[in-house]
Engineer: 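Quick one: this structure, given as structure tokens, is what I'll be asking you about.
Convention: sequence-line order gives letters A, B, ...; per-chain numbering from 1. For clarity, every value in this text was computed on a predicted model and none was experimentally measured.
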Amino acid sequence: MLLSKSQYIRGLQCHKSLWLYKHKRELRSAPDSSAETLFNIGYTVGSYATDLFPGGVEIEFTPNDFDGMSRKTADLIEQGVETIYEATFNENGIFAMVDVLHKSNGKWNIYEVKASTTVKEYHRDDAAIQYYALSQVLDIGKIFLVHINNQYTRQGELDVCALFNMADITDEVLEKQVEIKGTLNSFDAMLQSDMPAIDIGPHCSDPYGCDFHAHCWQDIPDYSVFNLYRMSGTKKFELYYGGIINFEDIPSDIDLTETQHFQVEASINPEIRIDKTIIGEFLDTLEYPISFLDFETFQNAVPRFSDQRPYMQMTFQYSLQVMTDSGELSHEEYLGDENIDPRRELSERMLRHLPPRGSIMAYNQSFEKGRIKELAALFPDLRDELLSLLDRFVDLIAPFRRLGYYHPDFKGSFSIKSVLPALFPDDPELDYSRLEIHDGGMAMDTFANLHLLKDSNQREKIRKDLLAYCQLDTLAMVRIWEKLKTAV
DNA sequence: CCACATGGTGGCACCACAGC
DNA sequence: GCTGTGGTGCCACCATGTGG
């Protein structure tokens, strides 16, 4: 049996998943595209980490020739090369690629590079299986996990040493060695037997989402106890293991929170539930003109600009709809240049375009407020003006969270992605699926990569798509607010 | 992937009271 | 009066939801 490093990690999470991967690979579900694009952040990180050990030789990835890759690695070691990137090994039934292998004081150190900001338990398992393979043929010194230091703020040139933290995980990796042999034997036996009968459980999504989720969960209805609002995973699975899957199955002695109870009631007896007092209280807090504001941001694991930190939300776009008390709606927008830090110009433009008074409405306001606080910290001359915006904010999600308006199609979620289609199911104007860019993650990813695009026509097209997306976000807020007004 | 807000949970100090 | 149990209330911590 040959296992790749990632298959070993998969097997630790769930035997059934590994069995399916080896025997029924075709049952894999299509990867979640947004998770996929965000995960791509990791690819660039490795190439920066190699700068920590300059002058090494890279083993080129050849999908159909793993043996060739490991042969090349062995040749380089033979030749006395002391730094190898993507060093490849095929030992002891394990196929492993090491981000950086570096010889120091006669021993080889392993450097495993991760785009995350902390060391996770599965990183140690990941490194442990590499050590298990490599220690067969090399004298290994230490194992380091190289991960992003999110406290680093770029100033001018990128400081690669400050960008990464190096965690020595040698001791933990050595401790894990004793159990690996047994684990691999149990994998072997399991793979040669029938599919293990493993029920769904927390392991389906922790620490990773599983490729076979759709397969294993095919009998769970789209809307079930697993959609109960803010119920802990443990409690959901307790219900499930007790045979309770649908809301109708929930016995009355199970204690639910108010929202969960509401959600169950609204599902069994589906009708829109309106509490005019709650909605009225919310609407009374509003002052005209009402500014509906929405930001888009991008993130980089490796900061591109000065005063940027890893994974920081960089605000590059806003849409602003202003509603006057006489019912006139006007729209302003800003979309930064993808080649320069957009934050200064965005701040100035926003301050110029926002009316001097009146409510500022956002959906889940902590996001917009958080960005404004960051901008205030970054630009001392705009600080007071930016901070003065904060107490004008009103959160459009609040009346929904407070159960002032509940539609059974919310299905226990008050995000704008759930609320909007429930309130306006047949309105083509508010249908995101007609847009090229239809969620925030996509906007972030598209803009983050826009500066790499050579074709200027294509860039122009994408900028139009981004503007259309952000404008729809604020228009959605306007429509939701109007809907609340008609409800009281 | 990260940050933040919020709500739920569980641990702990504290108190009352029963039993010895 | 001491001890152990059980109830209560607070707070720290953790999980979840939400945004991008």
Side-chain angles (χ1 to χ4, degrees), chain A residues 32-45 113-118 120 122-123 147-152 202 205-209 226-238 255-263 293-303 308-319 336 342-343 346 361-374 377 390 393 395-398 400-403 410-420 432 437-448 466 469-470 473-474 476-477:
Chain A
D32 172 5
S33 67
S34 63
E36 193 80 350
T37 51
L38 293 177
F39 197 70
N40 279 344
I41 291 171
Y43 283 96
T44 55
V45 172
V113 183
K114 300 291 173 192
S116 80
T117 57
T118 52
K120 311 261 170 44
Y122 53 82
H123 292 147
H147 65 93
I148 295 283
N149 167 25
N150 65 358
Q151 300 306 303
Y152 165 65
S205 53
D206 182 37
Y208 293 115
F226 290 104
N227 300 82
L228 282 166
Y229 184 70
R230 288 192 74 92
M231 181 178 276
S232 75
T234 326
K235 199 166 173 184
K236 286 174 182 174
F237 279 109
E238 269 170 28
D255 55 323
L256 300 174
T257 66
E258 191 197 356
T259 307
Q260 289 162 356
H261 192 73
F262 212 85
Q263 186 187 352
L293 181 65
D294 184 58
F295 288 161
E296 304 301 321
T297 64
F298 68 84
Q299 288 177 295
N300 305 119
V302 180
Q308 184 182 1
R309 281 166 46 156
Y311 293 112
M312 184 181 195
Q313 302 270 7
M314 295 283 284
T315 312
F316 68 88
Q317 181 179 13
Y318 69 76
S319 165
R343 291 174 294 180
L346 180 136
M361 181 107 79
Y363 207 97
N364 206 31
Q365 62 177 357
S366 68
F367 185 77
E368 273 69 22
K369 284 173 123 174
R371 303 296 77 75
I372 288 175
K373 284 181 206 164
E374 286 165 4
L390 295 178
F393 266 83
D395 200 339
L396 188 53
I397 204 174
F400 296 100
R401 280 206 176 124
R402 293 184 60 202
L403 302 174
F410 290 176
K411 299 192 172 177
S413 165
F414 304 113
S415 77
I416 195 164
K417 289 168 194 67
S418 304
V419 168
L420 184 73
Y432 282 86
I437 294 168
H438 42 257
D439 63 62
M442 214 171 157
M444 162 159 81
D445 192 59
T446 308
F447 189 81
L466 283 164
Y469 167 70
C470 197
D473 264 354
T474 49
M477 283 197 279

Engineer: Are A:Asn150 and B:dC1 close enough that a side-chain N or O sits under 4.0 Å from OP1 or OP2?
Structural biologist: no
Engineer: Less than 4.5 Å apart, any side-chain heavy atom of A:Ile148 and any of A:Val45?
Structural biologist: yes
Engineer: Parallel, tilted or perpendicular: which one describes the rings of A:Phe414 and A:Tyr229, with boundaries at 30° and 60°?
Structural biologist: perpendicular
Engineer: A:Tyr311 has a side chain; which of B:dA5, C:dG17, B:dC2 sits nearest to it?
Structural biologist: B:dC2
Engineer: How long is the line joining CD of A:Gln260 and P of C:dT16, in whole Å?
Structural biologist: 12 Å
Engineer: How do A:Lys235 and A:Gln365 order along DNA chain B: which one's closest nucleotide is nearer the 5' end?
Structural biologist: A:Gln365
Engineer: Hey, is the side chain of A:Arg230 pairing donor to acceptor with the base of B:dT6 inside 3.5 Å?
Structural biologist: yes
Engineer: Within the side chain of A:Gln365, is there an N or O that forms a donor-acceptor pair under 3.5 Å with the backbone of A:Ala362?
Structural biologist: no
Engineer: Parallel, tilted or perpendicular: which fits the ring planes of A:Phe298 and A:Phe316, with parallel below 30° and perpendicular above 60°?
Structural biologist: tilted
Engineer: Starting from C1' on B:dG7, measure out to CG on A:Leu228 and report it in whole angstrom.
Structural biologist: 15 Å
Engineer: Provide, to the nearest angstrom, the distance between the CG atom belonging to A:Asn364 and the P atom belonging to B:dC2.
Structural biologist: 19 Å
Engineer: When the distance from CD1 of A:Ile397 to P of B:dC4 is rounded to whole Å, what number comes out?
Structural biologist: 18 Å
Engineer: Across the strands shown, which category fits A:Asp473 at heavy-atom distances under 4.0 angstrom: base, sugar-phosphate, nothing?
Structural biologist: sugar-phosphate
Engineer: Rounded to whole Å, please give me the gap between CZ in A:Arg402 and C1' in B:dA5.
Structural biologist: 17 Å
Engineer: I need the CG-C1' distance between A:Leu466 and C:dG20, as an integer number of Å.
Structural biologist: 13 Å
Engineer: Below 4.0 angstrom from OP1 or OP2 of C:dT18, is there any side-chain N or O of A:Lys369?
Structural biologist: no
Engineer: Heavy atoms only, 4.0 Å cut-off, all strands: where does A:Thr117 land among base, sugar-phosphate and nothing?
Structural biologist: sugar-phosphate
Engineer: Among C:dG19, C:dG20, B:dG8, which nucleotide has an atom closest to any side-chain atom of A:Ile416?
Structural biologist: C:dG19
Engineer: What does A:Thr259 touch in the nucleic acid at a heavy-atom separation under 4.0 angstrom: a base, only the sugar-phosphate, or nothing?
Structural biologist: nothing
Engineer: Can a side chain N or O of A:Ser232 be found less than 4.0 Å away from OP1 or OP2 on C:dT16?
Structural biologist: no
Engineer: Taking 4.0 Å as the cut-off, does a side-chain nitrogen or oxygen of A:Lys236 come that near to OP1 or OP2 on C:dT16?
Structural biologist: no
Engineer: Starting from P on B:dG7, measure out to CG on A:Leu256 and report it in whole angstrom.
Structural biologist: 17 Å
Engineer: Using a heavy-atom cut-off of 4.0 Å across all strands, would you classify A:Arg371 as base, sugar-phosphate, or nothing?
Structural biologist: nothing
Engineer: Just checking A:Gln313: base, sugar-phosphate only, or nothing, at a heavy-atom cut-off of under 4.0 Å?
Structural biologist: base
Engineer: Checking all strands, does A:Asp395 fall into the base, sugar-phosphate, or nothing category for heavy-atom contacts under 4.0 angstrom?
Structural biologist: nothing
Engineer: Contact class for A:Thr257 (heavy atom, under 4.0 Å): base, sugar-phosphate, or nothing?
Structural biologist: sugar-phosphate
Engineer: Using the side-chain heavy atoms of A:Met444, tell me which of these nucleotides is nearest: B:dC2, C:dT18, C:dG20.
Structural biologist: C:dG20
Engineer: So how far is it from A:Arg371 CZ to A:Gln313 CD, rounded to the nearest 0.5 Å?
Structural biologist: 5.0 Å
Engineer: Categorize A:Phe298 for me: base, sugar-phosphate, or nothing, with a 4.0 angstrom heavy-atom threshold over every strand shown.
Structural biologist: nothing
Engineer: In this structure, is the centre-to-centre distance between the rings of A:Phe410 and A:Phe400 below 6.0 Å?
Structural biologist: yes
Engineer: Starting at OH of A:Tyr152 and ending at C1' of B:dC2, how long is that distance when rounded to a whole Å?
Structural biologist: 19 Å
Engineer: For C:dG20, does the base pair up with any side-chain atom of A:Gln299 as donor and acceptor (N or O, under 3.5 Å, distance only)?
Structural biologist: yes
